[in-house]
Amino acid sequence: MAANNRRMSGKKGAQVGSGGQRRKGLEGKGPTPPAEMRKGHKKNRIANAQARQTARRPAARGRGGKGTSEMVVGRNPVVEALREGVPAVTLYVQQFIDNDERVREALQLVADRGGVHLMEAPRPELDRMTNGLNHQGLVLQVPPYEYAHPEDLAAAAYDDGEDPLIVALDGVTDPRNLGAVVRSVSAFGGHGVVVPERRAAGMTAGAWKTSAGTAARTPVARATNLTRALEAYKKAGIAVVGLAADGEHEVGELPALDGPVVIVVGSEGKGLSRLVGETCDFRVRIPMPGGAESLNAGVAAGIVLYEAARRRG
């Protein structure tokens, strides 16, 4: 009978014992969660309160985004960029470089400015970084530009108790023209420049240099769609004035320049695109007795900005 019981003990079914509960109890419950996640803990209550406050806030408006990092290559371009205050992250210097006057000036400018990393690199590494360009042993890394949102420009003007004075560029692809416009906006008390996200000049090192340092205090906003950005300005009560050779109004006769205004400048040659031109409230022309067919964006913007600043003054 005992042998039979032993044979029966191998059958499946309920067995007397802990059923593994004791072993599972010894395994524990894993690592202790942080205080912020433990119910009833003071830090958990604070975290929950902060989450509720965040949920009540309105959604943050999207920013204009960042540009791309850029490399300034060559001894003269690097020195000129540093002289003009172009933002920089790192100055790469080739190992065993011939130490001439430009190299010494670049090193001194970096030392005087502070906040710029100085890295020594072998020539093959600089060749790789610059895709084989003639870097002459000096490469300056420029950080991505942080663009504003188009609505930020008008908001900043109203916060200062002023009517917005903004320039929008339509189809301007030369960074030097963008830099010249930024310089004019700064000179005549404007509140910023708007550029399209695609097929347009951005705030490169060339634009920074042409702005002669004014880009540090004059914001540039980037619009995903320029036409929609202009329509948003119109809904906010800001007049949109486009420059065109065949404009219906002369720049000196337009009352809209007295108040909040966005001045839209097209590319040299093509002018305003069709959709942007149709979005403008007014199209104005600049009289040119000398017979020139067109002006570049920087000059045209400067003339209209001067007229607007004169009236406001």
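Hydrogens, waters and symmetry mates are skipped; everything else that's a heavy atom, side chains included, is used.
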Donor-acceptor under 3.5 Å (Y233 side chain, P150 main chain): yes
Close side-chain approach of I97 and E120, heavy atoms under 4.5 Å: no
Side-chain donor/acceptor of R113 to backbone N/O of L82, under 3.5 Å: yes
Nearest non-hydrogen partners of D163 and R312, listed with the distance: O-NH1, 2.8 Å
Non-hydrogen atoms of V172 and A297 that approach each other most closely: CG2-CB, 4.0 Å
Donor-acceptor pair, side chain of S186 and main chain of V182, under 3.5 angstrom: no
Residues V167, V262; criterion side chain to side chain contact (heavy atoms under 4.5 Å, CB included); working and verdict: CA-CA 6 Å; V167 173; V262 177; over 6 Å; no
Other residues, nucleotides, ligands: >12 heavy atoms within 6.0 Å of Y158 OH: yes
Heavy atoms from other residues, nucleotides or ligands near CG of D160 exceed 12 (cutoff 6.0 Å): yes
Under 3.5 Å: donor-acceptor pair, side chain of R183, backbone of A215: no
Cluster overlap L254 with V304, hydrophobic side-chain contacts below 4.5 Å: yes
Atom pair CG/CG of D281 and L230 - distance to nearest 0.5 Å: 9.5 Å
N/O donor-acceptor pair under 3.5 Å between Y147 side chain and E197 backbone: no
Considering all heavy atoms, the nearest V284-L243 contact: CG2-CD2, 3.2 Å
Side-chain donor/acceptor of S211 to backbone N/O of W208, under 3.5 Å: yes
Contact check, side chains of I166 and V261, non-hydrogen atoms, under 4.5 Å: no
Contact summary for A106 and V78, nearest pair of heavy atoms: CB-CG1, 4.4 Å
In one Ile/Leu/Val/Met/Phe/Trp/Tyr side-chain cluster, 4.5 Å: V241, L165: yes
Whether over 12 other heavy atoms sit under 6.0 Å from R176 CZ: no
Q94 vs H135 side-chain heavy atoms within contact, under 4.5 Å: yes
Side chain to side chain contact (heavy atoms under 4.5 Å, CB included) between R285 and E250, worked out: CA-CA 5 Å; R285 64 185 183 275; E250 281 197 7; 3.5 Å; yes
ILVMFWY network linking V299 to M288, side-chain heavy atoms under 4.5 angstrom: yes
I286 to A300 - nearest heavy-atom pair and separation: CD1-O, 3.9 Å
Check against side chain to side chain contact (heavy atoms under 4.5 Å, CB included), L178 and V193: CA-CA 9 Å; L178 171 57; V193 180; 4.0 Å; yes
Single-linkage hydrophobic cluster, 4.5 Å side-chain cutoff, V264 and V181 together: no
Intermediate values then yes/no, salt bridge (charged side-chain N to carboxylate O under 4.0 Å, His left out), K235 and E231: CA-CA 6 Å; K235 290 179 181 178; E231 289 172 346; 6.0 Å; no
CD/E248: more than 12 non-hydrogen atoms of other groups inside 6.0 Å: yes
R104 side, atom CZ; N99 side, atom CG - distance, nearest 0.5 Å: 5.0 Å
Rounded distance (nearest 0.5 Å) linking atom CG of D100 with atom CD of E105: 10.5 Å
Atom pair CG (L126) and CG (N134), whose distance is rounded to the nearest 0.5 Å: 11.5 Å
Validation row: K234, T279 side chains within 4.5 angstrom (heavy atoms): yes
Donor-acceptor pair, side chain of Y92 and main chain of E125, under 3.5 angstrom: no
Polar contact flag, side-chain donor to acceptor under 3.5 angstrom, D112-Q108: yes
Test item: L275 and L226 side chains (from C-beta on) under 4.5 Å apart, heavy atoms: no
Test item: K209 side-chain N/O and P77 main-chain N/O as donor-acceptor pair under 3.5 Å: no
Test item: E307 side-chain N/O and V251 main-chain N/O as donor-acceptor pair under 3.5 Å: no
Spatial distance of atom CG (L138) from atom OG1 (T130) [nearest 0.5 Å]: 11.5 Å
CZ-CZ distance between R123 and R128, expressed to the nearest 0.5 angstrom: 15.0 Å
Single-linkage hydrophobic cluster V103~L118, side-chain heavy atoms < 4.5 angstrom: yes
Side-chain donor or acceptor of R75 paired with backbone N/O of Q136 under 3.5 Å: yes
Test log, rule side chain to side chain contact (heavy atoms under 4.5 Å, CB included), inputs Q141 and H117: CA-CA 10 Å; Q141 183 181 9; H117 300 292; over 6 Å; no
Evaluation steps, salt bridge (charged side-chain N to carboxylate O under 4.0 Å, His left out), between D170 and K270: CA-CA 10 Å; D170 178 27; K270 292 184 179 180; over 6 Å; no
Minimum heavy-atom distance L153-A221, with the two atoms named: CD1-CB, 3.9 Å
